Amino acid sequence: MNLALTIFFDGITYASWLFIVALGLTLVFGVLKILNIAHGSFYAVGAYAGASLVAWLVSMKVAPALSVVALVLAAAGVAALLAPLTERGLLRMFYARDEVLLVLVTYALFLILEDVTKLLWGVHPYYAADTYQAFGNVTLGPLTYVGYDLMLVFVAVACGALSWWVLNRTRHGKIVSAVIHNAEVAGSMGVNVSRVYTWAFVAGVFLAALGGALTAPMISVQPGLSVGVIVVSFAVVIIGGLGSIEGAALGALVVGLARAASVHLFPAAELFSIYVVMAIILVFRPEGVFQRVQARKI
Amino acid sequence: MAPSSSSGRTAAAAAAALALLLALGWVLPRWLVSLATLAFSHGLVSLGIALMMRSGVVPFGQGLVFAAGGYAAALLFNKAGVTDILLLCAAGGVAAFLLAAPFAPLLARYRGIFFAMLSLALSMVLYGFLMKTTALGGSDGFNVTRATLFGWRAPDATVHYFLWAVTAAVTCLLAALVRIYWDSQRGLLSLGVRENELRVEYLGTSVSNVVAWNYLLAAALGGVGGALTVVTLGHIDPNFSYWTTSGEFVFVAILAGYHSVIAVMAASFLLELVRSFSSTYFPNTWQLALGLFLLLVIRFLPDGLGSLLQRLPVWRRSAA
Amino acid sequence: MIALQDVRVAIQNVEVLRGFTLHVPSGKLVGLVGRNGAGKTSVMRTIMGHLPLLGGSVAVDGTNLSGAPPHRRVALGIGYMPEDRGLVPELTVEENICLPLWVAPQLQLHQRLSFVYGILPELLDMRERKALLLSGGQQKLVALARALGVGTRVLLLDEPFEGVAPALSQRLSEVVGQLRGSGLTVLISQSDLNHSRSLLDQEVVIERGANVSAAVA
Amino acid sequence: QETFRLGIVSFLSGQAAESFGVPAVNGAKVVLDAFNNGKAPAPYNKVGFGGMKIEPVYLDENGGATKQVQELRNLYEREKVDAVVGYVGSGDCLAVAPVAEEMKKFLILYDCGTPRIFEDGKYNYVFRTASHAAMDNVALARYLKSRNVKVEKFNMIHQDYAWGQDSRKDFMLAMEHLYKGAKVDADLLPKFGAGQYGTEVSALLGKPADILHSSLWGGDLQAFVLQAGARGVFQKQTPVLSAADHVLPGLGEKFPNGAIIGARGAYGLMSPKSALNDWWWDIYSKAYNVYPVQAPYRMVQALLGLKLAAEKAMAANGGKKPTPEQLAAALKGSSWESPAGTIRMALGDGHQAIQDTAIGRTRWDPAKKMVAIEDIQRFPAECVNPPANMKTEDWLKAGMPGAKC
Amino acid sequence: MAHPHVPDPGSPVLSARGLTRSFGAVQAAADVSIDVQQGERLCLIGSNGAGKTTFVNMVTGYLKPTSGRIHLAGEDVTHRSPREITRRGVARSFQIPQLCLHMTVLENILTALHCSGAHAHFLRAARDAGSLARCHELLSSFGLAAHAQRPARELPGGVRKLLDIAIALTGHPRLLLLDEPTSGVSAQEKFGTMDTVVRAIETHQDRSPVTVVFVEHDMDIVRRYATRVAAFYNGRVIADGACDKVLGDADVRKYVTGSARSREGAQA
Ligand SMILES: Nc1ncnc2c1ncn2[C@@H]1O[C@H](COP(=O)(O)OP(=O)(O)OP(=O)(O)O)[C@@H](O)[C@H]1O
Ligand SMILES: Nc1ncnc2c1ncn2[C@@H]1O[C@H](COP(=O)(O)OP(=O)(O)OP(=O)(O)O)[C@@H](O)[C@H]1O
Ligand SMILES: [Mg+2]
Ligand SMILES: [Mg+2]
């Protein structure tokens, strides 16, 4: 019983981190139909930006709790700077091409950003560890959780709820569906398609960078951050169904819980737990749990 | 099954290509020959991917069969004492084929990104398994020594040429077979599946059968590629099955396009060459250089290297 | 109102419009007639800005549109009904009709909506249905409604009667007929003149991307 | 004037760049500079290698074993290097060793952990100038014993790849003999580069034990320390870390007090006092504003050994640039002084080094604003390394016979 | 792979009984029963959304009916896949032509030829002289020979429709279902298209006459080519029988054909 609860809490905290990152990936795929490998790089850049900003604030003697705001701002800054540049300057050239080709473009971008972050920040580590303890600890029975982790859960829920609401309950969301379905027709209806693309990409990059920035306090930010994130968040998005917010949430939960369960019950299997779960789910739901409705073909 | 005139032409072109490659192997510097040897053995895996692209799916997990072929050959070498390079290649192909066989009907139900990701999941499960199996060297893998050909063991001084000659021969043979397959009735059906599955089903052909067979053929190619890589490298480790390895194979296939087998080999060679030079001359920014190179290729060769080759009139017809 | 002058347009290196010229006077109903593949849809898409001009010019109401993105053109009061209807499957019928109105701040949503329902009352029954559930003909009706909603000055209707059962196509031409004299400029493309010859003020024939002749009906 | 072209391969990007690759390459840079200017202390004070200027060619080790094999070939044949010093990853070392052997070119593996290279293979042209990983965990266990640390139960967390798996096994085998009856409780194997250890920390908190053994390193170790520290793991179980000195300067105050750590040799804060060490410490910290830790130490000991071997071989070759065979003959079985103490090519038929190591306990020193290491115990090489005639695993299983402590 | 099914000469080529199918709240087919005899040319008319395409989809296995049975020459095929049904001699064209857009017209036909053959071979060349000759023959019977080397994506709509039908006919079907073969085809060409189809069917069948079921909105076409008409409305068959009888039916006039005069009438 106690173990089940522990697995649940651990699963949730891991899932919320995953969800923030995967949400960005799924948004970008949903709107621009791009499976963005460089998502991991934006995560890493977010982490660097967040850690640098916090380090600067600490040197200015600002209260550590406030630095969470700084982390969000750092992510926003990364998105504001990098996303329009990437989308307008690079991706746009390739929209007319095959989907797989765009995956390659983002892979090339990933390689480039890998070295660019290194050139900008060097290889030495950055820390924002003070922020991690700014929210104190919460004790649940024999276990202690860090308040910051619980805050992450709230951030994840907020991000998910907000994007779901915008996409499903507002006009803006419906306009986005029109673009998703058929960009040319949406344009003919007066929708500024390229602005929708840019905003969707900005949102995606923001979420990636936010994931990175919010992780920065619990790790040492250094090269090699990006690779690990990519496949895991891909798995999450695929499990849930590409382009679906509910799907990303469910996928993150499934992966989070599966991983927590395997660490507690069968630690030797942690390495492939995610892939086994993904394979099993795809066998039963070939297009992920939440599949996108298809227009009639015949 | 008398060879029709077009397959006869393909065979002739392959023989000519082989002669040229063998001759080049003599004159080119050793490092370049070794680089080309690896590029070709990797190219075979990408050739399998190109073959699958013709039926409209791109597997992101060919590391699975690459590793299967590689480990099969390496284990036969170390544990069963099979040292003949051709036997090892065949064994690699067969092992990969057999490993892929149970998954083929399953994978054939998927399309697009789901096919890609499911095949990736399979390869990552194998990766995890290999990482854990200390008997196979775990994450460090293990080494194999030099293979033989019909009982003959090449001396140190010319071993690179020996490996090159065998690789070139195997590659030319398989590439010619692939070309013949692409030009065949069945090959045309694959293209039909790529273009319009609904139509193909409504003509009475099973789409999943076509995809499954292509997956199996690609697996066999990947297995041979894995076996050749192991004998060339002398080393194998679970990275053979890691997603970045698979990703590079996909990369080459897409860089080449799915129209020409020569383009696949050329793309593989080009990628290795660019990577090698950039990592030597820009040790700190070689990924940046590689990324820029890829972007430029994608930008200016929209249909892959194949389109460039097709623009040269010489290749037009013989395109083996 | 709509003026195309020596327009040249290529799709994938094939020139589909080769010096095509078209003038639609204000308040008139003009038919663009031609066989399949003559380039009717291409003319419409060129006016909407989906095909880049190789040469010539496109102007609506005296505004030169060359190079302007599609959404700027809609803001001039153009309602476009694409050949393949182009409804958003996961939105309801009403949301589909509202879509262009949401992004056109100068239009009164409710007023335009009741105008549309006034002309096409049969839509009231299906307003809450998802567009995905409609048959081809029903979708045509909705696409026409959507164009009517936003098209305060110009309507571009690409083969509105194609694949439509006779009873409905009659209804559609009635609707188009009603618009006459309301000041709307209408361009209808058709391969089959049967449905609406009597409606048209003028007919422009296009063949292989070029003008043939213009005859006043 | 002839020059000696030297290939240097280590991680310049990826997860091992921060902790191992870049510091090692930085170390190589200052030392090679000193060599070329003839500024190193005797007996290393000849210019370059016996008068030949050294021309380094740097290469990134990131990208997998396949790439390393190819690039090593290119280094020898295209870039015409005379020797290569490199490789941190065990898989890379295993893969490249046969290549150098086949090409009959000189290769020094300066770091990687696995004992398999010279225990499973036999090489003429390949050397490793540092101890393999068994030493690290044996020394930890011996330290616990000698300090009378009570261990009834112990937890472990290791990365799920060869380094982690081997470290886990070595430590368990060593503990079996030194702490009969000690039980393993939590036995966690997160994947390499996991970064998120929330679940692992919960599992550890749920299984109270006396010590927590780990071979995590670099970013993974830092992330784990930050996350586990925040949740109080280290107050309940003493961390016993086999390769942790390289994270001390970065983590500073966040590093747990009283942790028992090793450095994979007598490196950094646990290095011995000597003129050579002072010189080295000085030039490194001046250049990079941080003191040298494991990775640069391992690099410098390789370069010092190579220098002596090269000069010896030159002497035998009439002052001309030595062939790989001559280099190998000179290095084989030799020994030399390094900042961390004497390096002896004692194992693997004179191709595998052994060296002393040291273990200590950490304490945050608020005055100096740095982590200090106290209660340091030095273990002689023969105490913690297997003898020449035994494979590591057999030695450990047999209860480490013949260890001279 | 065709099952050695012995056709029962007495039973209809196609027999659909009580087919029902709904999509959410929409009833796309409600108790549809239609029998088609050999050699008939049955035309399905109906208002938009009446369920004509749904009927064709159910018969060809694309959609499964919620209830009801479908028999082909006496054999129950209700739960068979499109492929299995095709293998039993049924072919269809589509409301939106289903072509291989990046292939040339010739390659489209060639693909169809090898698809419908018993077993496509792995090594035998696709473009052998025999196959090419057969393709050219087929293309010229559809008047498509001039387009042979053009990629299908460059074809005008009407030609696409024709090609779609030509592809359907390569397998020598016994039953051919055409979904709106003339919609999107210009007025001048509609009759030509239908004439071509009819001619192709007559010259191509080597054995029994091909039975045709086609969906059509143009009443002139219906009058000229149908031997029998079934009218759909709201998922039901509201009239079924001889052409004149059905077109004269009051409900049909009200819901389907409207008061529209025929083309001949308009021009008169
Ligand atoms: N995506 C495309 N790629 C290549 N060619 C195209 C494409 N779309 C249209 N075309 C070609 O452009 C020409 C004009 O096409 P368009 O669609 O404008 O004709 P249309 O008059 O609207 O025909 P229809 O009556 O069939 O709708 C045709 O010859 C067609 O083959
Ligand atoms: N796949 C589907 N999903 C949801 N609804 C469907 C689907 N297929 C058909 N329908 C619905 O079933 C009804 C009948 O559609 P169907 O396509 O059979 O009409 P139709 O008679 O062919 O019309 P048209 O002449 O416009 O092509 C329509 O209301 C349609 O919305
Ligand atoms: Mg058109
Ligand atoms: Mg229909």
Side-chain angles (χ1 to χ4, degrees), chain A residues 2-3 6-7 9-14 17-18 47 114-115 117-118 122-130 132-133 137 139 141-149 152 215 217-225 227-229 232 256 259-265 267-274, chain D residues 11-19 21-23 25-26 62 156-161 165 186-203 205-208 218-227 229-233 235-236 247 249-254 288 290:
Chain A
N2 203 351
L3 183 65
T6 313
I7 291 179
F9 274 112
D10 291 337
I12 295 274
T13 42
Y14 186 68
W17 166 75
L18 259 182
E114 198 70 6
D115 276 349
T117 37
K118 200 170 75 178
V123 296
H124 48 276
Y126 288 77
Y127 303 93
D130 294 326
Y132 190 47
Q133 286 167 342
N137 283 2
T139 308
L143 295 180
T144 311
Y145 284 94
V146 179
Y148 186 89
D149 288 339
L152 265 193
T215 312
M218 0 173 172
I219 59 172
S220 98
V221 182
Q222 48 169 269
L225 273 184
V227 194
V229 181
V232 194
R259 181 172 178 275
S262 84
V263 169
H264 282 285
L265 304 174
E270 197 265 344
L271 192 61
F272 32 51
S273 58
I274 291 180
Chain D
F11 285 98
L12 300 177
S13 64
Q15 276 142 321
E18 181 265 328
S19 36
V22 171
V25 167
N26 284 345
N62 199 14
M156 296 195 292
I157 177 166
H158 296 281
Q159 289 146 317
D160 204 354
Y161 78 109
Q165 292 158 355
D187 182 5
L188 302 173
L189 285 164
K191 70 163 179 286
F192 174 61
Q196 301 276 345
Y197 296 97
T199 314
E200 281 80 2
V201 171
S202 291
L205 284 172
K207 299 201 168 149
D220 282 2
L221 177 59
Q222 303 187 40
F224 175 74
V225 164
L226 290 173
Q227 292 167 35
R231 291 172 65 182
V233 172
Q235 280 140 34
K236 298 183 180 148
V247 306
L251 281 178
E253 208 177 350
K254 300 285 173 198
Y288 304 110
V290 63

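Chain letters run A, B, ... following the sequence lines, proteins first, then strands; residues in each count from 1. Remember, predicted model here, so these are calculated numbers, not experimental data.
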>> Closer than 3.5 angstrom, by distance alone: can the side chain of D:Q227 be matched with the main-chain N or O of A:M218 as a donor-acceptor pair?
In response: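 A pair under 3.5 Å: yes.
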> Does D:A230 offer a backbone N or O that forms a donor-acceptor pair with the side chain of A:N137 under 3.5 Å?
Replying inline: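 Side chain of A:N137 to backbone of D:A230, a donor-acceptor pair under 3.5 Å: yes, one is there.
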> Will you find, in the side chains of D:S202 and A:D10, an N or O donor that is under 3.5 Å from an N or O acceptor?
Replying inline: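 Their side chains do contain a donor-acceptor pair, which is all the 3.5 Å distance test asks for.
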Any idea which of [options] has the most non-hydrogen atom pairs under 4.5 angstrom with chain A?
| options | value |
| --- | --- |
| D:L251, D:V225, D:V201, D:V22 | D:L251 |
| D:V247, D:V233, D:L12, D:V290 | D:L12 |
| D:E18, D:K254, D:Q15 | D:E18 |

> Is there side-chain contact between D:F11 and D:V25, with heavy atoms separated by less than 4.5 Å?
Replying inline: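 In short, these two side chains do not touch, never coming nearer than 4.5 Å.
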> Can you tell if the side chain of A:E270 reaches within under 4.5 Å of the side chain of D:L189, non-hydrogen atoms only?
Replying inline: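 Contact flag for A:E270/D:L189 side chains = no.
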>> Using heavy-atom distances under 4.5 Å, tell me whether A:Y145 contacts chain D through its side chain, its backbone, both, or neither.
In response: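 Both the backbone and the side chain of A:Y145 come within 4.5 Å of chain D.
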> Between A:S262 and chain D, which part of the residue has a heavy atom less than 4.5 Å away: side chain, backbone, both or neither?
Replying inline: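 It is neither, since no heavy atom gets under 4.5 Å.
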> Do you know the tightest heavy-atom contact between A:I219 and D:G195?
Replying inline: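 Looking at all heavy atoms of both residues, the closest pair is CG2-O, 3.6 Å.
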> Which bit of D:L221 comes within less than 4.5 Å of chain A, counting heavy atoms only: side chain, backbone, both or neither?
Replying inline: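 For D:L221, there is no contact with chain A at all, as no heavy atom is under 4.5 Å.
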Heavy-atom pairs under 4.5 Å with chain D, option from [options] with the top count:
| options | result |
| --- | --- |
| A:V263, A:L225, A:T13 | A:V263 |
| A:G122, A:A260, A:G224 | A:G224 |
| A:Y127, A:Y14, A:F9 | A:Y127 |
| A:A268, A:A269, A:A129 | A:A129 |

> Once the angle between the rings of D:Y161 and D:F192 is folded into 0 to 90°, is it parallel (under 30°), tilted (30 to 60°) or perpendicular (over 60°)?
Replying inline: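 It falls in the tilted class, 30° to 60°.
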